[in-house]
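Chain identifiers are assigned alphabetically (A, B, ...) following the order of the sequence lines, protein sequences preceding nucleic acid strands; residue numbering begins at 1 within each chain.
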Amino acid sequence: DIQMTQSPSSVSASVGDRVTINCRASQDISRWLAWYQQKPGKAPKLLIYAASSLQGGVPSRFSATESGTNFTLTISSLQPEDLATYYCQQAYSFPITFGQGTRLYIK
Amino acid sequence: EVQLSEFGGGLIQPGGSLRVSCAASGFTFSTYAMSWFRQAPGKGPEWVSDISGSGDNTNYADSVKGRFTISRDNSKNTLYLQMNGLRDDDTAIYYCAKTKASGGRDWFDSWGQGTLVTVSS
């Protein structure tokens with residue numbers, strides 16, 4: 001199985017800050033990566049697919065990049081509604097696997 | 001508007017069986033692969049199983065292989081997950097999700113609200 005390792009496990013930032021979340025795959029997954037946002041009590045929401053494509057309706061402050069087996073999600077200017085846990089997910093091969101999550105707190 | 005609604009969860013004893021369902025609307029159900037995910041309390045999402053649009057191809061996580069069966073009824077726009085031999089560690093919220101692209105089996109742009117399955121004596 002492909003292991004997805006996220007860092008940090010939690011991050012605290014102020015409104016307006018730039019926030020980055022990292023995800024590393026245990027093997028080459030090309031661009032078969034998605035990012036999700038999950039708010040408490042809700043289902044995950046697709047933010048980014050194919051490593052860097054923004055899902056429709058997602059604010060443009062969210063962006064993502066890829067470099068080899070390393071992937072990064074960036075929130076350019078943190079907003080209060082971004083309080084959530086963020087997960088990366090690989091779709092290169094079954095079983096589909098997720099990172100362990102990054103919990104984002106607002107200072 | 002795409003809508004997914006799971007139902008059928010509940011409290012079940014270890015070793016028991018349960019079938020959860022997912023009613024879909026707002027898209028051409030038969031042309032999209034569908035997946036089940038679950039999320040245990042305080043944990044991240046875990047992919048459980050997927051099924052092709054036609055229903056003739058399925059995949060399972062090792063943790064449920066041989067115990068769970070995914071199926072679909074395209075005439076009823078409904079997805080199912082039959083769970084047998086339930087164990088304590090199957091306790092979770094179970095979500096159904098639709099793949100973003102017709103024919104794709106990769107990322108998931110619509111999720112239901114989830115149904116809670118609790119396995120306990």
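- A:Q38 touches chain B through its side chain: at least one heavy atom from C-beta onward sits under 4.5 Å away, while N, CA, C and O do not.
- Proximity of a side-chain donor or acceptor of B:T91 to a complementary backbone N or O of B:V119 within less than 3.5 Å is detected.
- The main-chain N or O of B:G104 is never found under 3.5 Å from a side-chain atom of B:Y32 such that the two would form a donor-acceptor pair.
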Starting from the C-alpha separation in whole Å, work towards a yes-or-no answer on side chain to side chain donor-acceptor pair (under 3.5 Å) for A:T97 and A:D1.
CA-CA 8 Å; A:T97 48; A:D1 298 1; over 6 Å; no

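- Heavy atoms closer than 4.5 Å to chain A are found nowhere in B:Y60, neither backbone nor side chain.
- Contacts of B:D106 with chain A are made by both backbone and side-chain atoms, with heavy-atom separations under 4.5 Å.
- A:Y36 touches chain B through its side chain: at least one heavy atom from C-beta onward sits under 4.5 Å away, while N, CA, C and O do not.
- Of the two parts of B:Y95, only the side chain, counted from C-beta on, holds a non-hydrogen atom closer than 4.5 Å to a non-hydrogen atom of chain A.
- Within the 3.5 Å criterion, the main-chain N or O of B:G114 finds a donor-acceptor partner in the side chain of B:E6.
- The main-chain N or O of B:F7 is never found under 3.5 Å from a side-chain atom of B:T115 such that the two would form a donor-acceptor pair.
- Heavy atoms closer than 4.5 Å to chain A are found in the side chain of B:K100, but not in its backbone.
- No part of A:Q100 comes within reach of chain B, as not one of its non-hydrogen atoms sits under 4.5 angstrom from that chain.
- Between A:Y87 and A:F98, the ring planes are perpendicular. Angles over 60° get that label, and only those under 30° would be called parallel.
- Listed options B:G44, B:G112, B:P45 were ranked by heavy-atom pairs under 4.5 angstrom with chain A; first place goes to B:P45.
- Heavy atoms closer than 4.5 Å to chain B are found in the backbone of A:K42, but not in its side chain.
- For the salt bridge (Lys or Arg N to Asp or Glu O under 4.0 Å) test with A:D82, the passing option among A:K39, A:K45, A:R61 is A:R61; the others fail.
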